[in-house]
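Working notes for the structure below.
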Amino acid sequence: MISSQIHLASRPVGMPTLANFKQVEVTLPALKAGEVLVKNTWMSVDPYMRGRMMDRDSYIPPFQIDAVMDGGAIGEVIESLNPQFPVGSKVSHISGWRSAFISDGQDLTLLPAVNIPEQYFLGVIGMPGLTAWVGLMQIAKLKPTDTVFVSAASGAVGMVVCQIAKLNGCKVIASVGSDEKAELVQSLGVDAVINYKKVTDLTQALRDAAPNGIDVYFENVGGAHLEAALNVLNEYGRIPVCGMIADYNAQAPVSGPSNLLAINTKKLTMQGFIVMDYFDQFEEFIAQMAQWLQAGKVKSQETVYQGLDQAAEAFIGLFEGKNKGKMLVKL
């Protein structure tokens, strides 16, 4: 079988371009005992992948030049010599950025038998959803009395943060970059929305939305958003740091917020986290999120590009603000 793959052609400098990627075709060998052939149906593109395009030490190995990339995906077993994964099995895995691949099954997870669209396991009930859950429930120790500020609130993680916080009784302030995205998060029941591209003073806009201050800032962006949050956070506020996408394509060191002293004077807690350290909570998270989804208490939003040849466009679109909710590629 022929497998189409996306390889990293060169390491981006600043914003990635299509020239940094190339599509190649490889012929897969015949299956050996214990192996399965998986045809991918959905793949995910995520902001963390930008860091993997740089040749540096990190919590996950970098992509290699002229080698197939990888990432979260959903596939179907179409040939099998492994009784644990019969033909027709739907599986999740991290061998995205390709149309098909051979596995010995150790890297595959059978999708649970729940009445939920399979692509949701790349979004609201997948790694982005778990990230939101962990950041709020484990890192921020969310309380019903909290006022929560969420940056990138219309993104894959941000949308779930908004909804989990509301389900826990919190007041939620969302920041987005367009009026269309503001309408989207308003439909989730948030209490206030800031279009940061339309305000001249983000701190004042946040104070207006949260006159009694904020208790939790779910950090997805960094930069001016972090500075504004530090200004408005109440004493003993908590900042779970999921990411800082504003700096991902920076070509030179970025100056930090001018008000970091607030961490000390307000007795704040600021903690970064990597969701893979919390995979032991996936079972508990899926059980709760499946109930919420089936009860209509949580909504999923997706931006879908069609075909593997659009994967690079979809990835670049993350940094151009083209996604509402989870950015996916349907294969």
Between Phe101 and His93, is the gap from one ring center to the other below 6.0 Å?
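For Phe101 and His93, the ring centres are under 6.0 Å apart.
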Please report whether the ring centroid of Phe21 lies less than 6.0 Å from that of His7.
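That pair fails the under 6.0 Å test.
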Got a salt bridge between [X] and [Y], using NZ or NE/NH1/NH2 to carboxylate O under 4.0 Å?
{"X": "Asp46", "Y": "Lys326", "result": "yes"}
{"X": "Asp146", "Y": "Arg238", "result": "yes"}
{"X": "Lys22", "Y": "Asp66", "result": "yes"}
{"X": "Glu76", "Y": "Lys39", "result": "no"}
{"X": "Arg98", "Y": "Asp70", "result": "no"}

Does either side chain, that of [X] or that of [Y], offer a donor lying less than 3.5 Å from an acceptor on the other one?
{"X": "Trp42", "Y": "Glu118", "result": "yes"}
{"X": "Gln204", "Y": "Asp208", "result": "yes"}
{"X": "Tyr217", "Y": "Ser151", "result": "yes"}
{"X": "Asp104", "Y": "Asn82", "result": "no"}
{"X": "Ser258", "Y": "Glu227", "result": "yes"}

How about [X]: does its [atom1] atom have over 12 heavy atoms from other parts shown lying under 6.0 Å from it?
{"X": "Leu110", "atom1": "CG", "result": "yes"}
{"X": "Lys297", "atom1": "NZ", "result": "no"}
{"X": "Asn115", "atom1": "CG", "result": "no"}
{"X": "Gln186", "atom1": "CD", "result": "yes"}
{"X": "Lys330", "atom1": "NZ", "result": "no"}
{"X": "Tyr236", "atom1": "OH", "result": "no"}

Over 60° means perpendicular and under 30° means parallel, so tell me whether Phe282 and Phe279 are parallel, tilted or perpendicular.
tilted
Take Met159 and Leu184 through the side chain to side chain contact (heavy atoms under 4.5 Å, CB included) test and state the conclusion after the steps.
CA-CA 9 Å; Met159 282 190 63; Leu184 172 63; 3.9 Å; yes
Considering all heavy atoms of both residues, which atom of Leu233 and which atom of Val216 are nearest to each other, and what is their separation?
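Taking every non-hydrogen atom into account, CD2-N, 4.1 Å.
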Which pair of heavy atoms, one from Val148 and one from Cys170, lies closest together, and at what distance?
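Nearest pair, atom of Val148 first, then Cys170: CG2-CB, 4.1 Å.
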